[in-house]
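Structure first, commentary second.
Chain identifiers are assigned alphabetically (A, B, ...) following the order of the sequence lines, protein sequences preceding nucleic acid strands; residue numbering begins at 1 within each chain. Just the heavy atoms: all of them, side chains too, but no hydrogens, waters or symmetry mates, feed the values below.
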Amino acid sequence: NAGVTQTPKFQVLKTGQSMTLQCAQDMNHEYMSWYRQDPGMGLRLIHYSVGAGITDQGEVPNGYNVSRSTTEDFPLRLLSAAPSQTSVYFCASSIGSSISGNTIYFGEGSWLTVV
Amino acid sequence: DQQVKQNSPSLSVQEGRISILNCDYTNSMFDYFLWYKKYPAEGPTFLISISSIKDKNEDGRFTVFLNKSAKHLSLHIVPSQPGDSAVYFCAASANSGTYKYIFGTGTRLKVLA
C-alpha cells in the first residue's frame with residue numbers, strides 16, 4: 001500500500017547547490033502537485049501537473065522546476081538552492097478527472113535545509 | 001492576497017466537548033472544499049469534504065458546514081478526543097475539486113484530557 005512516496009526524507013544543501021526531490025505514486029492518479037509548508041504560511045502550491053507531459057505553476061513556483069514524463073513520477077528540482085527554500089515539501093496526487101470532487105493524497109514529506 | 005484564511009492559529013478544547021474550526025475564503029469561484037489533519041512529521045491526511053451544492057456533510061464525529069453567502073466553512077468535531085490534537089487545514093478548489101487546491105494556514109487544535 002505505497003500511495004505517494006517521497007525521497008529523500010531529510011536533506012541538507014549548501015546555497016547554490018541543486019537537487020531533485022523525487023515523488024512517485026502507484027494509484028494511477030492523473031493529478032500531481034508539490035506543496036511547501038512554512039510556519040504561519042500553511043501549505044502553498046509550487047507546481048502541479050494534470051497529466052503526463054503537462055505542468056503548470058502554482059502560487060510559489062520561482063526557483064523550482066518540474067517535469068512529468070510518466071503518470072507515476074513528478075520530480076521537483078531546485079536549480080540553485082537558497083536559504084529561503086528551507087522548508088518541508090509535500091508531494092500530492094489525486095484522480096483528477098472526476099467531476100464530483102477529489103481527495104488529495106499526500107506523501108510523508110521531505111525536510112530540506114539550505115545553509 | 002490569501003484566498004483561504006484560517007484566522008485562529010490555535011484552539012484548546014476539553015476532551016468530550018465540541019471543537020469548531022473555522023475557514024474563510026474570498027474567491028466566489030471556489031466550489032469544493034476539503035479538511036485535512038496533520039500530525040507532526042507526517043503528511044496531511046484527508047478528513048472530510050463538501051461540495052458547494054451542499055451546506056452540510058457528516059462523517060462520524062466530523063461535520064463540515066458551508067455558508068456560501070458568507071464564504072465561510074467550519075469543521076465541528078464532537079466529541080473531541082486527545083487523539084484529535086493536530087493541525088487542521090482547510091482547502092478550496094475552483095474546479096469542482098478536480099485539481100489545484102489552495103490551502104489555509106492551519107489551526108493547531110489541542111484537546112485537553
Self-check item: B/Gln3 CD to A/Glu59 CD distance, which is reported to the nearest 0.5 Å
Solution: 7.5 Å
Practice problem: Could you tell me which non-hydrogen atom of A/Trp111 sits nearest to which non-hydrogen atom of B/Glu42, and how far apart they are? | Solution: CH2-N, 4.4 Å
Quiz item: chain B contacts: which residues in residues 75-84 of chain A have a non-hydrogen atom closer than 4.5 Å to it?
Solution: none
Practice problem: Supply the atom-to-atom distance A/Ser94 OG to B/Tyr101 OH, rounded to the nearest 0.5 angstrom. | Solution: 7.0 Å
Quiz item: Does CE in A/Met41 sit with more than 12 non-hydrogen atoms of other residues, nucleotides or ligands closer than 6.0 Å?
Solution: no
Quiz prompt | Pairs of heavy atoms under 4.5 Å with chain A: top-ranked of B/Ala41, B/Gly106, B/Gly104 | solution = B/Ala41
Self-check item: Validation row, ring centre B/Phe103 to ring centre A/Phe106 under 6.0 Å
Solution: yes
Quiz item: Does CD in A/Gln11 sit with more than 12 non-hydrogen atoms of other residues, nucleotides or ligands closer than 6.0 Å?
Solution: yes
Quiz item: Is there a chain of hydrophobic side chains (I, L, V, M, F, W, Y, each step under 4.5 Å between heavy atoms) that links A/Val4 to A/Phe74?
Solution: no
Exercise. Kindly work out whether a path of hydrophobic side-chain contacts (I/L/V/M/F/W/Y, heavy atoms less than 4.5 Å apart) joins B/Trp35 to A/Tyr105.
Key: no
Quiz item: Is A/Met19 reachable from A/Val66 through a run of hydrophobic residues whose side-chain heavy atoms are each under 4.5 Å from the next?
Solution: yes
Quiz item: Should A/Tyr48 and B/Tyr32 be regarded as members of a common hydrophobic cluster, given that ILVMFWY residues are connected when their side-chain heavy atoms come within less than 4.5 Å of each other, either directly or indirectly?
Solution: yes
Quiz prompt | Residues B/Tyr36, A/Ile104; criterion side-chain contact (heavy atoms from CB on, under 4.5 Å); working and verdict | solution = CA-CA 9 Å; B/Tyr36 279 80; A/Ile104 306 174; 3.1 Å; yes
Quiz prompt | Residues of residues 15-23 of chain B contacting chain A, heavy-atom criterion under 4.5 Å, by residue number | solution = none
Quiz item: Which bit of A/Gln37 comes within less than 4.5 Å of chain B, counting heavy atoms only: side chain, backbone, both or neither?
Solution: side chain
Quiz prompt | Residue part contacting chain A, namely of B/Pro9, when any heavy atom lies under 4.5 Å | solution = neither
Exercise. Name the option with the most non-hydrogen atom pairs under 4.5 Å to chain A; the candidates are B/Leu34, B/Val4, B/Ile53, B/Thr45.
Key: B/Leu34
Quiz item: Heavy-atom distance under 4.5 Å to chain B: side chain of A/Leu43, backbone, both or neither?
Solution: both
Quiz item: Is there a path from B/Leu73 to B/Ile77 through hydrophobic residues (I, L, V, M, F, W, Y) whose side chains come within less than 4.5 Å of each other?
Solution: yes
Exercise. Give, for atom NZ of B/Lys38 and atom CZ of A/Phe90, the distance between the pair rounded to the nearest 0.5 Å.
Key: 4.0 Å
Self-check item: Greater than 12 external heavy atoms within 6.0 Å of A/Arg44's CZ
Solution: yes
Quiz prompt | Gap between atom CG of A/Asp38 and atom OG1 of B/Thr105 - 0.5 Å precision | solution = 12.0 Å
Quiz item: Any chance NZ of B/Lys110 has more than 12 other-residue heavy atoms, nucleotides or ligands included, within less than 6.0 Å?
Solution: no
